[in-house]
Each structure stands twice: as C-alpha cells, then as structure tokens.
Amino acid sequence: MTNKAVFLDRDGVINVDHGYVYRKEDFEFVDGIFEACRHFQEQGYLLIVVTNQSGIARGMYSEAQFQELTDWMVERFKEQGVTISRVYHCPHHPDFGPEDERVCDCRKPKPGMILRGIEEFELDPSACIMIGDKGSDMVAAECSGIVTRIRVSSGQLRDNDFILSVLV
C-alpha cells in the first residue's frame, strides 16, 4: 500500500481555467496532464483532486452538475490509464450560500480537503506533492505538512519537465 499522493487542484491544473466550469462542453484538459499523472502513478503515487467550487455556493451550478462533470472527468482519466483515487471539493464561499455554510475548514487556503485525504488514505504528508496554480493551493499544502509544492501557470503545464524531474 502506498503512503504518498499527488494532490492536484482542478481548474488551472487539470483543465484550462475558463471560470466556473461545470459542463463537459467547456472542459478543456491541460496539455500534458494525462502523461504527468500517469508518470506519478507509475512512481507509486495516488492521485487526489482538491478543488474549490464556489460556483455551487454562488448558485451558478448545482452539486449534481459538479458531480456529473467530475464523473465524466474521472472516466477520461481512466481511459488514459490513470486512476483518480478521490475528488474532494469545497462548495462553500465566505460571501455566498447559506449563512451557516460560509465558514468551513475545506476552502483553500484552509487545509481541510488535503487533511481529509491524508487521513482517509493514511498518507505521509512529507512524501506527498501538491500541484496547484494559486497561492491558496500552496498555503493549504504547507498547512498540511506537504513539503513538495509545485505552482504552475494557470492552464499551462509549462514546467512539465520540472514536475517529472522531481521524481527522478
């Protein structure tokens, strides 16, 4: 059993961030994401997605629509020989949605989603990697004890060679 994972943000890392993407017609995979994930998987890493989805709290799309897109995305990865072990999402926003749901521990930069993955999969955070495109991804990873944090340019895996070389 592995005790390490790569935590991936979704928008800007897995797919091009077009803003509040919830339909597969608008979902565009970032070039190189399947290859990078396959490489990590071959090195024994679990792949876990951690994504803020404030569009739910904003009323732009529903939990069901998010889940439908997530299921579709996970299936596309599977077709490419990549297993996504889990997708955690935060549907909250401090300014939108029900008043009692505005404060949470899961919205990055808070570490709730990552800590949940560490606990559920019995991971060693010092052996894990976070790949994100925002400072909030990096802060959440740091607060979770993840030492290796890779920040990519939104929608671009320009540093793909660097990402892959981290494992060599």
Side-chain angles (χ1 to χ4, degrees), residues 2-22 27 29-30 32-34 36-41 43-58 60-61 63 65-78 82-94 97 101-157 159 163 166:
T2 185
N3 67 341
K4 60 186 180 180
V6 174
F7 289 90
L8 300 137
D9 178 43
R10 194 192 80 174
D11 300 316
V13 175
I14 291 175
N15 61 287
V16 177
D17 190 353
H18 295 299
Y20 305 104
V21 175
Y22 67 95
F27 198 95
F29 285 98
V30 168
I33 191 62
F34 296 123
C37 288
R38 194 176 306 111
H39 183 79
F40 283 121
Q41 186 174 274
Q43 300 300 313
Y45 288 87
L46 296 176
L47 300 168
I48 299 173
V49 177
V50 288
T51 178
N52 286 348
Q53 291 296 316
S54 70
I56 295 169
R58 295 169 188 265
M60 301 174 81
Y61 51 93
E63 286 273 353
Q65 289 171 308
F66 168 78
Q67 192 58 55
E68 183 178 331
L69 178 63
T70 298
D71 293 345
W72 175 86
M73 177 192 77
V74 168
E75 190 60 34
R76 301 295 75 77
F77 272 101
K78 192 179 293 183
V82 175
T83 300
I84 300 296
S85 295
R86 182 90 77 229
V87 176
Y88 297 106
H89 76 286
C90 174
H92 311 114
H93 190 279
E101 294 179 7
R102 292 184 180 188
V103 176
C104 67
D105 69 349
C106 55
R107 182 173 171 78
K108 295 178 286 180
K110 293 181 182 174
M113 289 185 283
I114 297 172
L115 291 174
R116 191 168 160 202
I118 289 169
E119 181 180 329
E120 287 184 21
F121 289 95
E122 300 179 356
L123 301 171
D124 174 0
S126 68
C128 293
I129 298 171
M130 175 70 201
I131 302 176
D133 67 328
K134 294 181 177 70
S136 59
D137 299 319
M138 301 300 104
V139 170
E142 183 177 11
C143 291
S144 302
I146 295 177
V147 177
T148 305
R149 302 180 295 270
I150 301 168
R151 189 169 177 181
V152 297
S153 297
S154 188
Q156 304 291 321
L157 279 182
D159 296 332
I163 292 169
V166 166

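Below, all heavy atoms of this structure are taken into account, side chains as well, without hydrogens, waters or symmetry copies.
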Evaluate the criterion side chain to side chain contact (heavy atoms under 4.5 Å, CB included) for residue pair Leu46 and Phe40; output intermediate values, then yes/no.
-> CA-CA 8 Å; Leu46 296 176; Phe40 283 121; over 6 Å; no

Close side-chain approach of Val21 and Arg10, heavy atoms under 4.5 Å = yes

Pair Asn52-Ser54, side-chain donor/acceptor within less than 3.5 Å = no

Using the side chain to side chain contact (heavy atoms under 4.5 Å, CB included) rule, take His89 and Ile56 through it: C-alpha gap first, then chi angles, then the decisive distance, then the call.
-> CA-CA 10 Å; His89 76 286; Ile56 295 169; 3.9 Å; yes

Is any side-chain heavy atom of Thr51 less than 4.5 Å from a side-chain heavy atom of Phe66?
-> yes

Kindly compute the distance separating CD1 (Ile118) from CD1 (Ile114), expressed to the nearest 0.5 Å.
-> 7.0 Å

With Cys128 as reference, evaluate Ile48, Leu123, Thr148 under the side-chain contact (heavy atoms from CB on, under 4.5 Å) test and give the passing residue.
-> Leu123

Heavy-atom check, side chain of Leu8 versus side chain of Val50, under 4.5 Å = no

Side chains of Arg76 and Phe27 in contact at under 4.5 Å (non-hydrogen atoms) | no

Please walk me through it: do Ile146 and Ile129 pass side chain to side chain contact (heavy atoms under 4.5 Å, CB included)?
-> CA-CA 6 Å; Ile146 295 177; Ile129 298 171; 5.5 Å; no

Looking only at heavy atoms, what is the nearest atom pair of His92 and Arg107, with distance?
-> O-NH1, 3.4 Å

Between OG on residue Ser85 and CZ on residue Phe121, distance to nearest 0.5 Å | 5.0 Å

Using modelled atom types only, decide if a donor and an acceptor are shared between the side chain of Gln41 and the backbone of Thr83 within a distance under 3.5 Å.
-> yes

Any luck finding a side-chain donor-acceptor pair between Glu101 and His93 under 3.5 Å?
-> no

With a 4.0 Å cut-off, would you call Lys134 and Asp17 a salt bridge?
-> yes

Any side-chain heavy atom of Ile14 within less than 4.5 Å of one from Met73?
-> yes

Is the shortest side-chain N to carboxylate O distance from Lys108 to Asp9 below 4.0 Å?
-> yes

Is there side-chain contact between Cys106 and Tyr88, with at least one heavy-atom pair below 4.5 Å?
-> no

Do Val74 and Val87 come close enough that some side-chain heavy atom pair is under 4.5 Å?
-> yes

Going by atom types alone, do Gln53 and Tyr61 pair a side-chain donor with an acceptor below 3.5 Å?
-> yes

Going from CG on Asp137 to CE on Met113, what distance comes out if it is rounded to the nearest 0.5 angstrom?
-> 8.5 Å

Separation between CD of Gln43 and NE2 of His39, rounded to the nearest 0.5 Å = 4.5 Å

Heavy-atom closest contact (Pro125 atom, Ser144 atom, distance) = CB-O, 3.4 Å

Side chains of Tyr45 and Phe7: closer than 4.5 Å at any heavy-atom pair?
-> no

salt_bridge(Asp105, Lys110) N-O dist < 4.0 Å = no

Any chance you could lay out the side chain to side chain contact (heavy atoms under 4.5 Å, CB included) test for Asp133 and Arg151, step after step, and finish with the verdict?
-> CA-CA 5 Å; Asp133 67 328; Arg151 189 169 177 181; 5.5 Å; no

